[in-house]
Every structure is written in structure tokens, then in C-alpha cells.
Amino acid sequence: MTTNLPSLPHLYGNPLCVVDVETTGRIGGYHEIIQIAIVPLTIDLEIADVQPFYQNIKPNHPERAEVASRGVHGLNIDDLLVNAPSQERVLEYLIEWFSALPLGHERKLSPIAHNWGFEKSFLTPWLGPDLMHSIFHPHSRDTMIFGAMLNDRAALMGKEVPFPRLNLTAMAAQYGIENENAHDALADCVVTAKLYSAVMRSLIS
């Protein structure tokens, strides 16, 4: 008998997962996802013992790729055009992966991301609103927003802000978490998971 992925009690069977995408630019719906990772977590905020979803994607509009974005993620567009599966095929892979997860009936993944607004602006045009709603629960978590809130809290208390810089690598470094392969989607998911766990535990210690 398959055991469902555990979730925190208040999530009612919708387990947490970390999501990250790398893109050809900054504008969702115009620029495209060229790498995606989704990593489910346990109730202890550890990486779950299931295969994460991790895939490069062939862009449909390589001519739209921003030079600045190429410098960030380091993915070679020409290589993706030759070797990466199409957006349609990766969408099929994602549906197969999600369908195979040990989730309860009509359960979804509760997303955590570092700048979820950015990830969502690309995921929604790619997946479509219906599939987006079927896979991801609307109650998302965002480590960047939470860092900004903790900065506001510290400022109101007259204290030094804990996160002078809100990018993932800088925030993670405040907890001694190294990001050795920044802007690889899977590596960023792992670092985001560690950061989220560290922030949560710092609040209860």
C-alpha cells in the first residue's frame, strides 16, 4: 500500500514543495521557461524521498532570449534547441510525474519559492490556469517576501535588518548555507528548502 506524502496538519494533505524556474528573460508570457525543478518536502521541511521534477526545456522563441538572462543561468540556448525536449513534451512529463506522486485524492502541492510571483508569472502561461490550479495550491510561501517582512519587523524594533540583500544566495549565507551552483533550478530548490527550514526554526528556537 502506497503511503501518501506527509504534509503539515494544517495543510490537509497538500504537501509543501519548492519550485524554481530558469527563463529566457524577465517577462512571463513573453519569455519562456527553459529549466524547471520541483522538489517535494517532508513535514520536517526536509527533501522528501521521491524523485524531484527537473528538466531542461527547448524554447519556442529563442530569438527573444535576453543576453542578461543567459549570463545569469548559463544555459546555452543553442544546446537547448538541439538537446532539450519541447515545451509540450515536458508538460507531458510533468503531468506524468505529478500523477505518480503519492498524494491523496484531489490533493495539490503547496509551493515555496524565492520570489514566487516571478515563478508563477511563467508557470501560469505555460501550464494554463486550469492545470496550474490542479497542481499548485494557492497558499504559497515566498522566502524573499518573508525576508522583507523580517526586515520590516527589525526596523520597527529599531534593530539592524537581518537581510540587507534579499537575493537567494545572500539570504542563505546569513544561515551558513552555500549556494555553489546558483541559478540551476534544482540547486536553487535545495538552497531555498534549506533557507525556509532555517528561517522557520530560527523563529521557534
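Predicted model, so just to flag it, every value in this text is computed and none were measured. Counting begins at 1 with the first residue of the sequence.
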**OP:** Name all residues meeting the salt bridge (charged side-chain N to carboxylate O under 4.0 Å, His left out) criterion together with Arg26; count only those two or more places apart in sequence or in a different chain, and write none if there are none.
**Re:** Glu66
**OP:** Would you check, one step at a time, whether the test side chain to side chain contact (heavy atoms under 4.5 Å, CB included) holds for Leu166 with Met171?
**Re:** CA-CA 6 Å; Leu166 291 171; Met171 284 188 63; 4.0 Å; yes
**OP:** Examine distances only and state if a side-chain atom of Thr24 and a backbone atom of Glu32 form a donor-acceptor pair shorter than 3.5 Å.
**Re:** yes
Original post:
Do Cys17 and Ile112 come close enough that some side-chain heavy atom pair is under 4.5 Å?
Top reply: no
**OP:** Given side-chain hydrogen bond (donor to acceptor under 3.5 Å, both in side chains), test Thr143 with His114 step by step and report yes or no.
**Re:** CA-CA 5 Å; Thr143 46; His114 196 78; 2.6 Å; yes
Original post:
How long is the gap from CG on Asn76 to CG on Leu81, to the nearest 0.5 Å?
Top reply: 8.5 Å
With a cut-off of 3.5 Å and sequence neighbours excluded, list every side-chain donor-acceptor pair involving residues 47-60.
| unit_1 | atom_1 | unit_2 | atom_2 | d |
| --- | --- | --- | --- | --- |
| Tyr54 | OH | Asp184 | OD1 | 2.5 |
| Tyr54 | OH | Asp184 | OD2 | 3.3 |
| Asn56 | OD1 | Gln35 | NE2 | 2.8 |

Subject >> Interatomic spacing from CD1 in Ile177 to OG1 in Thr169 - rounded to 0.5 Å >> reply: 11.0 Å
Original post:
So with a 6.0 Å cut-off around OH of Tyr175, is the heavy-atom count from everything else above 12?
Top reply: yes
**OP:** Mind listing the closest non-hydrogen atom pair of Glu22 and Leu75 along with its distance?
**Re:** CB-CD1, 4.2 Å
**OP:** Would you please name every residue forming a side chain to side chain contact (heavy atoms under 4.5 Å, CB included) with Leu11, sequence neighbours left out?
**Re:** Ser7, Leu8, Leu16, Ser110, Arg141
**OP:** Could you tell me the separation between the OG atom of Ser202 and the CG atom of Leu150, rounded to the nearest 0.5 Å?
**Re:** 7.0 Å
Original post:
Is there a side-chain contact between Val18 and Tyr196, using heavy atoms and a 4.5 Å cut-off?
Top reply: no
Original post:
With sequence neighbours excluded, what pairs up with Ser197 under the side-chain hydrogen bond (donor to acceptor under 3.5 Å, both in side chains) test?
Top reply: Arg201
**OP:** Give the intermediate values and the outcome of side chain to side chain contact (heavy atoms under 4.5 Å, CB included) for residues Ile38 and Phe98.
**Re:** CA-CA 10 Å; Ile38 306 173; Phe98 178 74; over 6 Å; no
**OP:** Inspect the surroundings of NE2 in His133 and state if more than 12 heavy atoms from other residues, nucleotides or ligands are less than 6.0 Å away.
**Re:** no
**OP:** Ignoring hydrogens and angles, tell me if any N or O in the side chain of His73 forms a donor-acceptor pair with the backbone of Thr23 under 3.5 Å.
**Re:** yes
Original post:
NZ of Lys108: more than 12 outside heavy atoms within 6.0 angstrom?
Top reply: yes
Subject >> Sub-4.5 Å side-chain heavy-atom contact between Phe122 and Phe118 >> reply: yes
Subject >> Non-hydrogen side-chain atoms of Leu41 and Pro15 separated by less than 4.5 Å >> reply: no
Original post:
Taking only residues two or more places apart in sequence, or in another chain, which ones meet Glu92 in a salt bridge (charged side-chain N to carboxylate O under 4.0 Å, His left out)?
Top reply: Arg89
Subject >> Glu63 atom CD: more than 12 heavy-atom contacts under 6.0 Å >> reply: yes
Original post:
Any sub-3.5 Å donor-acceptor pair from Asp142's side-chain atoms to Trp116's backbone N or O?
Top reply: yes
Original post:
How many angstroms lie between CG in Asn115 and CE in Met144, if you round to the nearest 0.5 Å?
Top reply: 4.5 Å
Original post:
Quick one: salt bridge (charged side-chain N to carboxylate O under 4.0 Å, His left out) partners of Arg64, sequence neighbours excluded?
Top reply: none
